[in-house]
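Protein chains get the first letters and strands the later ones, always in sequence-line order, with residue 1 at the start of each. Because the structure is predicted, anything quoted here is derived from the model rather than measured.
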There are 2 protein chains.
Amino acid sequence: MTNSPSIGQAFTALSDATRREVFELVAERPRAVGELAAQVPVSRPAVSQHLRVLKEAGLVEDEAVGARRIYKLHPEGIAELRSYLDGFWSRSLRAFKAVAEAGDKEDR
Amino acid sequence: MTNSPSIGQAFTALSDATRREVFELVAERPRAVGELAAQVPVSRPAVSQHLRVLKEAGLVEDEAVGARRIYKLHPEGIAELRSYLDGFWSRSLRAFKAVAEAGDKEDR
DNA sequence: AAGGTGAGTTAGTCATTGCTTACCGTAAGT
DNA sequence: ACTTACGGTAAGCAATGACTAACTCACCTT
């Protein structure tokens, strides 16, 4: 229960293509902002803004190293999202199957 | 090796709060458009548009029943997204741990 | 101490999108 | 056939958001 970011924030964060790209680069290995900006077709401030969204969603964290800031994954936030999704899919599909079986019954 | 194109659509589809609400209603049990619109604080055409986004993302499917259209989950699309995400989280966290261990080594 | 480099913030622009109202096609009942 | 119910589509509007350029601050050289 640290700063439990809403699930909506995580979806929103990952719904933008550029932001997903940044996130995947960070996932490969920790990187500084300038390095990320070099791999992506937008300016450095834009990357900075994307990183802020990802950070507020609990998906990445940053660490100051001299004048640079190194961004890396925030595994706890990711695990949290992951387990939420697992529950979400299970619930949904369970309900779906329940309805399907009830439908079978009626059809007979 | 970025995204399979539909992954972004799925995230986008689920990033909107109203659309998540519609999706969860459909997940509970199949429903007609008007029924969904009655449960949600937006107009029927708005729900129609949300349903189209969800459908294009492969999350729901529809079936004509008389003059009504019944929307239900599209379990194959959901399973696809789910397994993509599982792979994604595993890859990411594996890379994260690899970096963490390499860092330990250097620190010694 | 001074210049250079790395990064977050602000202001402003332009495109996207979520919403509503109005309209149109289709199915079903009388 | 007419009418009513259901739902998708179109046009238009307001709000959100992704981006850039310009600024400022912090750190790291020399």
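Atom-to-atom, CD of B/Glu56 to C1' of D/dT9 comes out at 13 Å; the value is rounded to the nearest Å. Atom CG in A/Leu36 sits roughly 14 Å away from atom P in D/dC19 (whole-Å rounding). Atom CZ of B/Arg44 is separated from atom C1' of D/dT9 by 10 Å (rounded to the nearest Å). Rounded to whole Å, the distance from CG on B/Leu54 to C1' on C/dG18 is 13 Å. B/Leu51 places its CG atom 12 Å from the P atom of C/dC19, with the value rounded to the nearest Å. In this structure, A/Phe11 places its CZ atom 22 Å from P of D/dT16, rounding to the nearest Å. Here the C1' atom of nucleotide D/dG7 and the NZ atom of B/Lys55 are 12 Å apart, to the nearest Å. Here the P atom of nucleotide C/dA7 and the CD atom of A/Glu63 are 13 Å apart, to the nearest Å.
Proximity of B/His50 to the phosphate of C/dT17: no side-chain N or O atom is located under 4.0 Å from OP1 or OP2. Applying the 4.0 Å criterion to OP1 and OP2 of C/dG8, one finds that A/Tyr71 has a side-chain N or O inside that range. An OP1 or OP2 oxygen of C/dT17 is reached within less than 4.0 angstrom by no side-chain nitrogen or oxygen of B/Ser15. The phosphate of D/dC19 has neither OP1 nor OP2 within less than 4.0 Å of any side-chain N or O from A/Ser43.
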Assess the residue pair B/Glu24 and B/Arg19 against the criterion (salt bridge (charged side-chain N to carboxylate O under 4.0 Å, His left out)); give the C-alpha distance rounded to whole Å, side-chain angles, the decisive distance to 0.1 Å, and a yes or no. CA-CA 9 Å; B/Glu24 296 200 25; B/Arg19 211 147 48 212; over 6 Å; no

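No donor-acceptor contact under 3.5 Å links the side chain of A/Arg52 to the base of C/dG8. Under 3.5 Å, the side chain of B/Arg69 and the base of D/dG7 form no donor-acceptor pair of N or O atoms. A donor N or O paired with an acceptor N or O is not found under 3.5 Å between the base of D/dG17 and the side-chain atoms of A/Arg19.
Contacts of B/Ala32 with the nucleic acid, taken as non-hydrogen atoms under 4.0 Å apart, involve only primed sugar atoms and P, OP1 or OP2.
By the 4.5 Å heavy-atom criterion applied to side chains, A/Arg82 and B/Ser90 are counted as neighbours.
Two different hydrophobic clusters hold A/Val53 and A/Ile78 under the rule that ILVMFWY side chains link at heavy-atom gaps under 4.5 Å.
Between A/Gln49 and A/Arg68, the residue anchored nearer the 5' end of DNA chain C, judged by the nucleotide with its closest heavy atom, is A/Arg68. Nearest-nucleotide positions on DNA chain D for A/Thr12 and A/Val65 put A/Thr12 closer to the 5' end.
You'll find that the side chain of B/Ala46 is closest to C/dT20, out of D/dG8, C/dT20, D/dT20. Closest to the side chain of A/Ser48, from the set C/dG8, D/dA18, C/dT21, is C/dG8. Checking C/dA7, C/dA27, C/dT21 against the side-chain heavy atoms of B/Pro45 singles out C/dT21 as nearest.
Using cut-offs of 30° and 60° for the angle between ring planes, the A/Phe11 and B/Phe11 rings count as tilted.
When atom types are taken as modelled, the side chain of A/Arg44 and the backbone of A/Gly34 share no donor-acceptor pair closer than 3.5 angstrom.
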Identify each donor-acceptor pair in which a side-chain atom of residues 59-74 of chain B lies under 3.5 Å from a protein atom, sequence neighbours left out, and give them as a table.
from	atom 1	to	atom 2	distance (Å)
B/Glu61	OE1	B/His74	ND1	3.2
B/Asp62	OD1	B/Lys55	NZ	3.1
B/Asp62	OD2	B/Arg69	NE	2.8
B/Asp62	OD2	B/Arg69	NH2	3.2
B/Glu63	OE1	B/Lys72	NZ	3.3

